[in-house]
Amino acid sequence: MKNILAFILSLSIVIVSAAPLVAQDPAPQQPTADDLAKQKAELEKNAYRLLDQVIDDGQSLRLPENRVHLQINAADLLWDHNQERARSLFAMASDAVSEMIRSTNTNTSRQSPFRGIPQQDRRAFGLRQELVLAAARHDATLAYQLLAATKAPTPATNQPADPRNPRQQFNSDENLEQTLLSRIAALDPKMAAQNAEQMMDKGQFPRTLGEVINQLTRQDADAGAKLADKTVKKIQAANLLSNEEAGNLAQSLLTAGPKLPAATSATPSPSPNATPQPTSGRGPVLEVSAYTDLLSLVIDAALKATPQAQNNQRPNGGGRGGPGVNRIVVQNGQTAQVTPLTTDQVEQNNARRFLTGLQSALPSIEQYLPGRASAVRQKLTELGMSETPRSNFVQAMSSLQGNPTSESLEQVAATAPAQLQPRLYQQAASRAIEEGNTDRARQIANDHLQSTARDSIMLRIDFKESAKKADVTRLDEIRQSVAKLTSDSDKVTLLLQIANDLQKDNPKAQLQILEEAKQVIGHRATGYDNFENQLRVARAFSTVDSARSFEVLEPGILQLNELLSAAQVLSGFEVNIFRDGEMTVTNQFDSGLSSTISRYGQELSRLSKIDFGRSEMLAGRFQFTEPRILVRLAIVQGALGTQQQANAPAVPNFNSFRNFDDFVVVSPE
């Protein structure tokens with residue numbers, strides 16, 4: 001009996017001493033480098049297996065453009081894995097594109113209202129561009145070979161080329177060659193520089209020359225300096241007022257600013273009141289002396305601007321193009337030629353455009369050409385362009401770089417036109433919440449926002465502070481606030497913002513809010529905005545519980561199958577995404593249905609890195625071969641990390657906008 005009691009006592013002590021260990025969750029083990037390498041290898045293995053299946057499925061496609069699109073994307077993805085097979089796919093795509101181009105030169109039916117360009121020709125041009133630029137990511141020589149192999153033997157239109165308007169032809173070889181130039185600049189800067197010089201010798205001014213010069217300079221500083229010097233001399237020899245390409249290149253090089261030497265006592269410093277100049281993302285290209293010469297040339301052109309007559313604000317309906325070019329106006333589906341601009345009108349339009357650009361360049365003019373600043377200011381005043389709200393706004397926006405703070409956004413909002421201020425102030429308040437500065441967010445909301453926008457910010461502030469205090473999230477209060485909103489999009493936006501605010505402070509509450517968002521979108525979609533809301537909720541779940549992401553996506557795919565079946569029946573009557581019984585996979589954003597399918601591909605592409613098997617399974621739920629191929633291709637791209645990412649800067653280049661309606665504030669969500 002004593003032995004039994006001693007055993008029980010000893011066991012009790014062990015259990016009690018072990019209790020804290022049992023109650024305490026074990027710390028998650030971080031994967032080792034070997035674990036990560038194995039996961040990556042497995043993901044790539046699955047991706048290439050799925051790609052083989054996509055290529056096999058693609059053999060059943062009947063439309064040439066569908067097969068070419070698949071071949072190009074497959075070759076792009078296979079290059080690092082199997083270059084020989086990738087080259088073979090590029091070659092097959094090239095042959096097919098060449099055949100399409102040859103056939104379009106003898107078949108001008110099915111005219112498009114866009115400048116009279118046949119729709120089939122536009123498809124061929126788009127595929128040619130896709131082919132050449134995809135090859136350029138891997139082999140510059142191959143890209144130029146494909147460019148030459150797919151060149152049309154004759155122009156695709158009956159319109160004669162006009163050297164004063166190099167953008168006239170829709171399928172311009174020069175336009176594609178200029179785009180190709182920028183793509184190969186990083187891959188082979190010496191080849192890009194050689195081709196750029198050849199283009200300038202032919203009187204062309206590639207808009208991407210700045211990028212070529214920068215890439216060449218990184219590899220060979222002397223060669224880069226020589227190319228920059230030749231570029232400036234070619235621009236100086238051109239007539240900027242009649243040669244739009246030369247003028248655009250000059251403005252681009254000036255926008256980037258000069259290359260400043262290392263800080264020394266002899267280096268002039270900007271005026272304390274000078275506004276930082278916007279950068280192009282490529283960095284400065286020209287030395288100070290060359291920059292000053294080019295700036296002086298542009299000033300000379302801008303000072304030739306004269307005030308517009310009251311009855312000729314936009315001559316002949318406005319528009320761009322060289323003299324002698326018949327511009328096309330489309331009204332009610334009918335096309336009509338408009339009287340072309342005269343040489344004087346074109347030159348005056350370009351002079352005013354240069355003068356507009358000099359508004360934001362005044363600090364640089366004062367620094368590098370102080371003797372000419374007064375003439376520029378006088379001309380701005382003469383044309384009624386001095387100190388305009390647009391100029392102040394552009395200058396303020398140019399000071400924002402990278403990830404702007406709430407303070408900088410608030411400062412910019414103060415200079416913005418009235419129609420843009422609410423959106424900018426709301427963005428500033430949202431950024432303040434993300435920064436954890438709820439006091440600033442509350443002040444911005446109270447001072448500058450009204451009604452729904454203010455209430456939304458205040459609610460986010462309330463729950464952000466509640467989460468910090470570890471209070472229980474008041475779901476009933478959230479439901480009441482959400483119920484006041486009239487659209488699902490507004491409801492989802494508010495809930496996702498609150499969930500994002502709670503992410504660090506209260507993950508449990510974040511999941512509850514996401515469940516509320518899931519209930520909002522948990523019904524059959526009645527429009528494409530409903531699909532987009534489902535996709536947004538699925539993405540929000542992906543960082544919290546990926547299983548719920550798949551649950552959100554699956555009903556939408558099933559409904560898309562129904563819509564695709566209906567679209568096939570209605571093809572030629574109401575919708576035209578099917579041709580000859582097959583859905584077209586090129587121009588995926590030409591219709592809401594095609595765009596939505598592409599968006600599902602994007603989300604499954606993201607999720608493939610978390611659960612490849614389930615992503616592949618959901619892609620297989622598409623009943624039609626074409627969307628199934630598209631989505632699977634997106635999954636492969638995501639798994640291999642090769643999907644194209646948007647390269648839009650956090651702050652757009654506002655100097656390129658012609659009016660405030662072009663401005664769109666990017667949500668910080």
Side-chain angles (χ1 to χ4, degrees), residues 50 475 478-479 482-483 485-500 510-570 574-575 577-578 583 585 588-589 591-636 638-639 669:
L50 184 58
L475 285 178
I478 291 181
R479 291 190 184 104
V482 168
L485 301 176
T486 57
S487 71
D488 283 357
S489 295
D490 290 340
K491 294 176 181 178
V492 168
T493 296
L494 176 59
L495 289 169
L496 294 187
Q497 287 174 339
I498 293 175
N500 183 65
Q510 178 196 20
L511 187 58
Q512 290 177 313
I513 299 300
L514 290 179
E515 287 292 348
E516 292 293 319
K518 184 181 176 183
Q519 291 184 22
V520 172
I521 53 92
H523 59 80
R524 184 178 177 83
T526 57
Y528 292 118
D529 57 333
N530 296 146
F531 281 116
E532 184 60 32
N533 290 333
Q534 293 171 9
L535 290 162
R536 292 167 63 199
V537 174
R539 177 177 296 188
F541 267 123
S542 65
T543 59
V544 180
D545 187 343
S546 61
R548 285 180 167 86
S549 294
F550 291 110
E551 292 174 2
V552 171
L553 292 176
E554 186 168 8
I557 293 176
L558 299 180
Q559 187 176 351
L560 285 173
N561 285 331
E562 298 176 17
L563 295 176
L564 284 166
S565 296
Q568 186 181 41
V569 173
L570 292 171
E574 298 294 337
V575 290
I577 66 172
F578 280 83
M583 174 186 164
V585 299
Q588 297 169 28
F589 298 96
S591 73
L593 188 54
S594 298
S595 177
T596 300
I597 292 170
S598 295
R599 288 283 293 111
Y600 270 80
Q602 292 172 10
E603 293 308 318
L604 288 176
S605 171
R606 296 174 185 274
L607 288 167
S608 67
K609 297 179 181 180
I610 303 173
D611 190 336
F612 188 93
R614 193 161 182 182
S615 297
E616 181 181 0
M617 181 192 71
L618 273 189
R621 300 298 296 271
F622 281 98
Q623 296 176 354
F624 285 76
T625 302
E626 302 86 349
R628 189 165 62 245
I629 286 177
L630 276 178
V631 174
R632 283 176 171 169
L633 197 61
I635 290 174
V636 174
E669 180 183 344

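Treat the numbers as computed from the prediction; the structure is a model and nothing was measured.
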Checklist outcome for this item: Output for pair (F550 CZ, L607 CG), nearest 0.5 Å, gives 4.5 Å
Checklist entry - Any side-chain heavy atom of I629 within less than 4.5 Å of one from V585? => result no
Checklist entry - To the nearest 0.5 Å, how far apart are NE2 in H523 and CG in N530? => result 5.0 Å
Next on the checklist: Treating R628 as the side-chain partner and Q623 as the backbone partner, does any N or O pair qualify as donor plus acceptor under 3.5 Å?
Outcome noted: yes
Checklist entry - What residues, two or more places apart in sequence or in another chain, satisfy side chain to side chain donor-acceptor pair (under 3.5 Å) together with E551? => result K518
Item to check | Non-neighbouring partners of D490 that pass side chain to side chain donor-acceptor pair (under 3.5 Å), sequence neighbours left out | outcome: S487
Next on the checklist: Working to the nearest 0.5 angstrom, can you tell me the gap between L50 CG and L633 CG?
Outcome noted: 9.0 Å
Item to check | Qualifying residues under side chain to side chain contact (heavy atoms under 4.5 Å, CB included), relative to A547, sequence neighbours excluded | outcome: D545, R614
Checklist outcome for this item: Here the pair of heavy atoms bringing L553 nearest to Y600 is O-CE2, 3.5 Å
Item to check | Closest heavy-atom pair and its distance - A619, I635 | outcome: CB-CD1, 3.7 Å
Item to check | D529 side chain near D488 side chain, heavy-atom distance below 4.5 Å | outcome: no
Checklist entry - Does a side-chain heavy-atom distance below 4.5 Å link L593 with M583? => result no
Checklist entry - Considering residues at least two apart in sequence or located in another chain, which fulfil the side chain to side chain donor-acceptor pair (under 3.5 Å) criterion with E603? => result R539, R599
Item to check | Residues forming a side chain to side chain donor-acceptor pair (under 3.5 Å) with E554, sequence neighbours excluded | outcome: R621
Checklist entry - Can you check side-chain hydrogen bond (donor to acceptor under 3.5 Å, both in side chains) on S489 and R536, steps first, answer last? => result CA-CA 10 Å; S489 295; R536 292 167 63 199; 5.0 Å; no
Checklist outcome for this item: Separation between CG (L485) and CG (L495), nearest 0.5 Å, reads 8.5 Å
Item to check | From CD1 (I521) to CD (E532), nearest 0.5 Å | outcome: 12.0 Å
Checklist entry - For Q559, which residues count as a side chain to side chain contact (heavy atoms under 4.5 Å, CB included) partner, sequence neighbours excluded? => result R524, A525, F531
Item to check | Any donor-acceptor N/O pair, S615 side chain to D611 backbone, under 3.5 Å | outcome: yes
Item to check | Smallest separation among heavy atoms of A634 and S605, with atom names | outcome: O-OG, 3.1 Å
Item to check | Heavy-atom closest contact (A517 atom, L496 atom, distance) | outcome: CB-CD2, 4.3 Å
Checklist entry - Given side chains that start at C-beta, do those of P627 and L564 come closer than 4.5 Å, heavy atoms only? => result yes
Checklist entry - Is there side-chain contact between V544 and Q510, with heavy atoms separated by less than 4.5 Å? => result yes
Next on the checklist: Restricting to non-hydrogen atoms, name the atom on I577 and the atom on A567 that form the minimum distance, rounded to 0.1 Å.
Outcome noted: CD1-CB, 4.3 Å
Item to check | Spacing of E516 atom CD and L511 atom CG [to the nearest 0.5 Å] | outcome: 11.0 Å
Checklist entry - What are the two closest non-hydrogen atoms of L618 and I557, and how far apart are they? => result O-CD1, 3.7 Å
